[in-house]
Amino acid sequence: MSKEPIAVVGVGQTKHTAARRDVSIAGLVREAAVRALEDAQLTWADIDAVVIGKAPDFFEGVMMPELYLADALGAVGKPMLRVHTAGSVGGSTALVAANLVAARVHRTVLTLAFEKQSESNAMWGLSLPIPFQQPLLAGAGGFFAPHVRAYMRRTGAPPTIGSLVAYKDRRNALRNPYAHLHEQDLTLEKVQSSPMLWDPIRYSETCPSSDGACAMVLTDRAGAARAPAPPAWVHGGAMRSEPTLFAGKDFVSPLAGKDCAADVYRQAGITDPRREIDAVEMYVPFSWYEPMWLENLGFAAEGEGWKLTESGVTEIDGDLPVNPSGGVLSTNPIGASGMIRFAEAALQVRGQAGEHQVEGARKALGHAYGGGSQFFSMWLVAAEPPVG
Amino acid sequence: MNPAPAPEVLSAPLVVEFPFTRSLGPVQSAFLTGLRERAVLGVRSAGGRVLVPPVEYDPVTAEEIRALVEVGTTGTVTTWAWNPAPRRGQPLANPFAWVLVRLDGADTALLHALDAAGPDAVRTGMRVRIRWAEERVGAITDIACFEPYESEPYESEPAPQAAPHSGEFADPVQGIVAPARLDYVYSPGRAPSRFIAALADQRTVGERCPTCRKVYVPPRGACPTCGVATAEQVEVGPRGTVTTFCIVNIKAKNLDIEVPYVYAHIALDGADLALHGRIGGIPYDQVRMGLRVEPVWTEGGRYPDHYRPTGEPDADYDTYKELL
Amino acid sequence: MNPRHVAIVAFAQTRHRRRSAELSEVEMLMPVLHEVLGAVGLRTGEIDFTCSGSSDYLAGRAFSFTMALDGVGAWPPISESHVEMDGAWALYEAWVKLLAGEAETALVYSYGKSSPGELRDVLTRQLDPYYLAPLWPDPVSLAALQAQALIDEGATDERALAGVAARSRGAAEHNPHAQLAGSAAPDALLEDPYLVRPLRRHDCPPIGDGAAAVVLAAGDTARRLCPRPAWIRGMDHRIEAHALGVRDLTRSPSTRLAAHNAGLFDDAAAPVDTAELHAPFTSQEVILRRELELGEGVRVNPSGGALAANPMMAAGLIRLGEAAARIHRGDSDRAVAHATSGPCLQHNLVAVLEGERAVKTEREEGA
């Protein structure tokens, strides 16, 4: 028997911001969940199960917070799962929820991811002073910057590429009312003259730290038929992991990312992603990861990703718009960032992305990654239901 | 072949401590501000149940609840547990009873401590009242504890009613600071212990995978690609090659290093993956991929303080590109 | 209903110990992974999906699960996921993956080292961060509140609870993996002082380190890998409200509902002969027995249960593994396994497992 088709019929986000001091953790997740339910015109009683994701519990200082959040998410008397796959968690969480529908275990599932980073300090959570270990010699950007340099060496990309990505994503964010950063008067010159933090990464090429939540309602074919607005249909979804550090690891283009994309394309029947996919929401926490992932995801040949960026292909009105929402560079509640990618991809194919809508988007890819470029999750959504 | 020596297990304290800053939202704000003012607020659900402490969302229907009510400061114990050895952070330092108390006018119970003479002085159904903390800041600890309250049995009194409350107070509490400290004893395990022991002799000793023959530095106990234990000891370095790097221009809070400095990935000779280190003894803007370096140790340092150029010609890109 | 049949085909666990300071998590876990894969003759690369459960708060380090992945040998890259929950829920996620037809085999593992921290302090961090966590109420104290409510209700007494402890640890004498085995007689146990009244030390689980792993397989693959697969006839999990004061602590409606949905109460099916219950405290076994309607004929926790070994994040998965292992060995035909999470049984998972004969019957009926 084939899998049940999965439809995204509700999407909800909070207005992402540095600190949501007006709500509790429960209030934050609730806001996104209610918006997703309203979008789907469903009530709590329509939800069969809840799947929640976030990154490390130390960020909020609550161990297994789903226990405390069960009431706020209407999960009492229902199944509730908590996923944690590092930075890719928002995507993985959506895929776990999708599987519940695909396997016909449940008909309608609420999935949600969040981070309330203002409760603590992400760098504290990430750099607990583990005895005997060599202290981390640089901040988060310092972990990624050497890999960016390796990419530049490998491809000969000019040093300005990163600033083009940052400038594009921040301008796209101006069209997205939920984005954290709204830098009205940003110019390319300002990006290019912003302080060099971890050379070759500049301040304006790094992601912010946000409080935020994102939720989706996933349902089966019958649920989709009752939906008030066009659903997004899941045509493929996959997760891939590889070890953190190992001999032969390619940090610039990890095999787990390539394999994950190939699996998704196979499921969705995509043979030429560059031509067949209309919009991409990819996880770009530092600007240079756009050209790197363009190659890793098969949109460009190895060494050629930066050329797509440079020639404007990834602009919102380009041939292959990347991060029309403004992306992680504009909004980063860590645990939710992956789900925001997935949800924004769904909004695009539903034609509900508002001012950052990519005209005529029929197929979109949502992408998330985490850990030491080792955990990947992706899905491909489309305006039409899958065949069969 | 050098078989692994029996490990001398390392361990050291690991303190995980942070003052979390929690924003409250309207209902919790009203409740905790009320405590500061010696008033106990609850919420009344659409079904008419009065929940104390007040929750933002109905545990039965999931509906948002905002209807605040005020309940009594006396109540009835619904269950209890005598705690003869209080732990750090618990409400009382002397032996006490944990209690669930249904305050007069409430339909649900609140967890707190009861200060009583001993377990024989506590029973389910007993009447208790709040003992307020002398200094109140708008936190659950504004209730210092409960104490026994000699009164007529609950059943003989008129049923108390919860009274509607606006929830409005002057200078409401918007957030709490919740300090949390947990003490761990960290042990890195066998393989990292062997690695750290060798560092004391300024030797960097990796471990070889019996299957793929790759040498891991630092060793973590398993070859991550083969999923088998590494055991054969292999000394690597001391010299190595900078495979890639970044120039750090912002000072990290916990590090006493002048910026700018170079943070590099260094493949030690004989190792099959790079480790991390700082490059010194050369202007930061002259560091390059392929630079040959060696460790510089300082008195008392567990790890090399930094790596400096050896003066050898740069390594050819092809010799280290697989280690990037 | 989903027509695919999924079974537990192998189970392995550590010998659980109070502390294992000489081993990192991956060093503790790896032999268990080798054992469980060896039992079915599969390599990591031949497993379609891997899912694990663990907790950063036990380790005191963020992203602690990423290091454990070293023991799996995730190269070439694997399809993999992780829940910040007991491994029983990792098994649930993998089961759904197999039901969806996205995998034929799955490796599930979980591990927890409680020894590095003060577990009674650590677990206070999973409580409501505004009203409860600031009071640092430890899990023994919360379980004691629940036990007292049960005693007040007349459902049990301290002597009966000591009987649960003695029976469980007596059974554990036949379990080489148990951390605690053997017990004094109930009357002697009652002479010990209270830990938190009404609970004494014997009413509480041992604190320790351990890991466990199972292999799941679907249909004919399961039959190929295991002479007598433990078929998962049904599995469900349900969560309750978080606050203790809004719950009736003497009941576990989530357990009952999960059991119902897992098919435990199906009139047509044979009764279970075995139950592996994740009841860390003696009083919780009383509650679970009542909700699951376990009669006298059911062997409860022949492994000794969580009272014999309770490695956090693994103890629930071990219940499923122990129940399956009895079916593998032919010691059980139909078993119920249960896992719990959160304070005072807040979140409960129930699975009904069966040996081959019963499944054939069901297939004939469906034909």
Side-chain angles (χ1 to χ4, degrees), chain A residues 1-4 24-25 50 54-71 75-86 92 95-96 99-100 102-105 125-126 128 130 238-244 246 248 254-256 259-260 263 371-372 374-376, chain C residues 1-4 50 55-57 60-63 65-67 69-70 72-85 89 92-93 96-102 122-123 125-130 132-133 236-243 246 253-254 257-258 341-343 346-347 349:
Chain A
M1 192 161 91
S2 64
K3 286 188 286 185
E4 177 69 24
S24 62
I25 299 172
V50 179
K54 70 176 296 304
D57 291 357
F58 283 112
F59 281 0
E60 288 84 7
V62 185
M63 177 184 185
M64 302 162 74
E66 67 281 2
L67 295 166
Y68 141 72
L69 291 171
D71 302 51
V76 173
K78 296 174 185 173
M80 189 172 195
L81 276 168
R82 156 71 194 291
V83 180
H84 177 15
T85 61
S92 310
L95 292 177
V96 172
N99 258 323
L100 288 168
R104 298 185 177 85
V105 172
L126 293 174
L128 300 174
I130 309 299
M239 299 184 231
R240 281 296 184 285
S241 308
E242 65 183 45
T244 314
F246 60 93
L255 183 58
D259 287 0
C260 190
D263 191 356
Q374 65 183 125
F375 300 114
F376 292 83
Chain C
M1 276 311 272
N2 197 298
R4 269 170 76 85
T50 300
S55 166
D56 282 349
Y57 255 90
R61 303 192 309 285
F63 299 119
F65 66 92
T66 62
M67 303 293 255
L69 196 59
D70 285 357
V72 175
W75 188 259
I78 60 173
S79 175
E80 190 256 357
S81 183
H82 173 263
V83 295
E84 194 84 353
M85 306 178 83
W89 280 268
Y92 181 87
E93 181 182 331
V96 172
K97 188 96 174 167
L98 267 68
L99 287 183
E102 294 194 358
V122 170
L123 288 177
R125 300 302 92 192
Q126 67 175 206
L127 302 170
D128 173 331
Y130 311 94
L132 293 178
D236 190 38
H237 65 103
R238 300 280 152 169
I239 197 165
E240 297 184 23
H242 180 62
V246 308
S254 57
L257 181 56
S341 175
Q346 188 194 347
H347 193 182
L349 178 147

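Letters A, B, ... are given to chains in the order of the sequence lines, protein chains preceding strands, and every chain is numbered from 1.
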- Task: Find the distance between OG (C:Ser79) and CG (A:Asp263) and round it off to the nearest 0.5 Å.
- Result: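 One gets 7.5 Å once the value is rounded to the nearest 0.5 Å.
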For the candidates [options], which exhibits the highest count of non-hydrogen atom pairs separated by less than 4.5 Å from chain A?
| options | answer |
| --- | --- |
| C:His237, C:Gln346, C:Glu80, C:Arg125 | C:His237 |
| C:Asp56, C:Ile78, C:Val122 | C:Ile78 |
| C:Glu84, C:Glu93, C:Glu240 | C:Glu84 |

Based on non-hydrogen pairs under 4.5 Å, which of [options] is most in contact with chain C?
| options | answer |
| --- | --- |
| A:Lys78, A:Lys54, A:Met64 | A:Lys78 |
| A:Ser92, A:Ala55, A:Pro65, A:Pro243 | A:Pro243 |
| A:Ala75, A:Ala256, A:Gly77 | A:Gly77 |
| A:Asp259, A:Leu69, A:Val50, A:Leu100 | A:Leu100 |
| A:Leu95, A:Asp57, A:Thr244, A:Ile25 | A:Asp57 |
| A:Pro254, A:Ala86, A:Cys260, A:Ala70 | A:Ala86 |

With a 4.5 angstrom heavy-atom cut-off, which part of [X] approaches chain C: side chain, backbone, both or neither?
| X | value |
| --- | --- |
| A:Phe376 | neither |
| A:Ala238 | neither |
| A:Glu66 | both |
| A:Val96 | side chain |
| A:Asn99 | both |

- Who pairs with A:Ile130 by side-chain contact (heavy atoms from CB on, under 4.5 Å), at least two apart in sequence or on another chain?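 A:Ile130 satisfies side-chain contact (heavy atoms from CB on, under 4.5 Å) with A:Leu128, A:Gln133, B:Leu14, B:Tyr186, C:Arg61 only.
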- Task: Kindly say whether the aromatic ring centers of C:Phe65 and A:Phe375 come within a distance under 6.0 Å.
- Result: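 Yes, the ring of C:Phe65 comes within the 6.0 Å limit of the ring of A:Phe375, centre to centre.
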- Message: If we ignore hydrogens and angles and just use 3.5 Å, is the side chain of C:Arg4 paired with the main-chain N or O of C:Leu98 as donor and acceptor?
- Response: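 At least one qualifying donor-acceptor pair exists.
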- Message: Just to verify, what does C:Asp128 make a salt bridge (Lys or Arg N to Asp or Glu O under 4.0 Å) with, not counting sequence neighbours?
- Response: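 Not a single residue meets the salt bridge (Lys or Arg N to Asp or Glu O under 4.0 Å) criterion with C:Asp128.
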- Message: Just by distance, no angles: are the side chains of C:Thr66 and A:Gln374 close enough, under 3.5 Å, to form a donor-acceptor pair?
- Response: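 No - no donor-acceptor pair under 3.5 Å links their side chains.
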- Query: With a 4.5 angstrom heavy-atom cut-off, which part of C:Ala133 approaches chain A: side chain, backbone, both or neither?
  - Reply: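 Contact with chain A is absent: no heavy atom of C:Ala133 under 4.5 Å.
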